[in-house]
Amino acid sequence: MASSKQTHIGNATNFWLHSHESGYDLSRPSSSSLPSRRLQISTSTDQITVDPAKSALVVIDMQNFFLSPALGRGTDGAGHKAKNQLVEHAVPGARKSGVRVLWVNWGLTEKEVEEMPPGVKKAFGFPGKYEGKAFEGNKSAKHYNGLGSEMGTVQHPDTGKDIEAGKLLMRDQWNSALQPPLNNLWEEGSKLAELPDVWVHKNRMSALWGSGTDLELYLQKEGITTPFFTGVNTD
């Protein structure tokens with residue numbers, strides 16, 4: 001039963017509870033007086049309480065394109081620090097607590113590339129802008145010829161052998177694959193008997209850029225109201 005010292009924040013169906021003693025309760029029970037399964041987490045500011053069944057760890061853009069040294073990415077930046085924390089703590093902790101793990105990544109289709117608005121395409125270059133400069137002869141170059149364009153060969157960071165990077169941020173390409181060892185972590189999680197990990201494709205910088213994105217539809221279908229965002233880009 002809700003403490004008399006708790007403050008109700010929100011409306012009748014979507015609300016938090018707050019008290020100075022226990023922080024924010026984000027579990028959203030069916031009413032303020034009904035208990036819910038609870039998981040308490042200490043953050044850098046307040047303690048929060050969540051319902052694991054209504055929560056998800058959302059891992060964003062931890063892909064070779066954004067992290068691999070083969071594409072000139074450093075290994076001491078925030079992305080790699082996040083990767084280590086995911087491997088050592090966040091993903092194992094989420095699975096142990098019954099929190100679903102969602103891997104949200106760029107993964108374009110030909111149709112999506114054709115229909116992409118110019119403002120998004122410009123961020124990744126466009127055909128002809130860097131003619132002859134993209135990767136060939138400079139495998140650490142940060143020049144791109146547009147979403148869906150061929151990236152050419154790069155040197156595998158572990159073996160040193162030439163590999164095809166594939167089409168820029170298209171599905172099932174080396175550059176759009178999860179950066180090791182996260183790829184193994186995903187494969188392991190996708191085979192779990194209970195609450196297997198879920199892969200969600202996105203086609204914009206944000207996976208929640210408009211109404212009806214794959215991520216929004218999945219969260220709504222599963223009744224997930226408390227996402228924990230992590231990864232390269234948390235927008």
Side-chain angles (χ1 to χ4, degrees), residues 56-73 77 79 82-83 86 100-136 139-154 156-157 162-180 182-187 189-190 196-222 227 229-235:
L57 180 68
V58 183
V59 186
I60 303 175
D61 290 353
M62 299 297 284
Q63 298 166 275
N64 283 322
F65 179 80
F66 299 104
L67 294 172
S68 179
L71 300 178
R73 317 306 190 201
K83 180 180 74 171
L86 285 167
R100 178 89 71 168
V101 179
L102 309 182
W103 302 88
V104 179
N105 298 296
W106 280 93
L108 299 171
T109 64
E110 295 287 353
K111 186 174 186 293
E112 287 172 331
V113 172
E114 290 175 3
E115 296 176 349
M116 195 71 66
V120 178
K121 282 190 173 182
K122 182 180 181 297
F124 296 91
F126 46 87
K129 182 176 181 181
Y130 300 110
E131 194 68 42
K133 298 180 181 179
F135 299 102
E136 294 300 332
K139 294 178 180 179
S140 295
K142 295 183 180 179
H143 298 155
Y144 316 121
N145 285 328
L147 293 169
S149 64
E150 289 286 355
M151 297 179 66
T153 59
V154 297
H156 193 286
D162 283 353
I163 58 173
E164 289 295 326
K167 294 183 178 181
L168 182 58
L169 294 179
M170 298 287 282
R171 298 186 186 187
D172 303 319
Q173 308 291 301
W174 175 85
N175 75 92
S176 61
L178 287 171
Q179 225 246 333
L182 296 176
N183 55 335
N184 295 328
L185 204 59
W186 146 251
E187 290 176 8
S190 67
D197 292 9
V198 174
W199 187 289
V200 181
H201 291 293
K202 68 170 189 166
N203 57 17
R204 296 291 192 280
M205 281 72 163
S206 172
L208 295 170
W209 64 273
S211 178
T213 65
D214 288 351
L215 179 58
E216 180 188 29
L217 294 175
Y218 179 83
L219 296 176
Q220 290 176 342
K221 177 173 71 74
E222 297 296 320
F229 294 102
T230 183
V232 172
N233 299 308
T234 55
D235 55 355

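Not measured: the values here are computed from a predicted model.
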Donor-acceptor check, side chain of [X] to backbone of [Y], threshold 3.5 angstrom: yes or no?
X    : Y    : answer
S176 : G107 : no
R100 : D197 : no
K121 : V113 : yes
D61  : V232 : no
Q173 : R171 : yes

Looking at [X] and [Y], what are the two nearest heavy atoms and their distance?
X    : Y    : result
V198 : Y218 : CG2-OH, 3.4 Å
P157 : S68  : CG-OG, 3.9 Å
G231 : A82  : O-CB, 4.3 Å

inquiry  = Ring-plane angle category for F124 and F65, please: parallel below 30°, perpendicular beyond 60°, tilted otherwise.
reply    = tilted

Any side-chain heavy-atom pair of W103 and L182 under 4.5 Å = yes

query = Do the non-hydrogen side-chain atoms of L168 and W106 ever get within less than 4.5 Å of each other?
reply = no

With [X] via side-chain hydrogen bond (donor to acceptor under 3.5 Å, both in side chains) - residues at least two apart:
X    : result
E115 : K111
Q179 : K83
N175 : none

query = Counting only heavy atoms not in E187, do more than 12 fall under 6.0 Å of its CD?
reply = yes

Spacing of [X] atom [atom1] and [Y] atom [atom2] [to the nearest 0.5 Å]:
X    : Y    : atom1 : atom2 : answer
N105 : W199 : CG    : CH2   : 4.5 Å
L147 : L169 : CG    : CG    : 6.0 Å
W174 : M151 : CH2   : CE    : 7.5 Å
L57  : L86  : CG    : CG    : 6.5 Å
D214 : L219 : CG    : CG    : 11.0 Å
I60  : L102 : CD1   : CG    : 9.5 Å

inquiry  = Walk me through whether T109 and H201 qualify under side chain to side chain contact (heavy atoms under 4.5 Å, CB included).
reply    = CA-CA 10 Å; T109 64; H201 291 293; over 6 Å; no

task = Check the pair V120 / R204 against side chain to side chain contact (heavy atoms under 4.5 Å, CB included), numbers first and verdict last.
result = CA-CA 7 Å; V120 178; R204 296 291 192 280; 3.7 Å; yes

message = Show, in sequence, the C-alpha distance, side-chain angles and deciding distance for L108 and M116, and conclude whether the side chain to side chain contact (heavy atoms under 4.5 Å, CB included) test is met.
response = CA-CA 10 Å; L108 299 171; M116 195 71 66; 3.8 Å; yes

task = List the steps, then state whether side chain to side chain contact (heavy atoms under 4.5 Å, CB included) holds for F229 with V104.
result = CA-CA 10 Å; F229 294 102; V104 179; over 6 Å; no

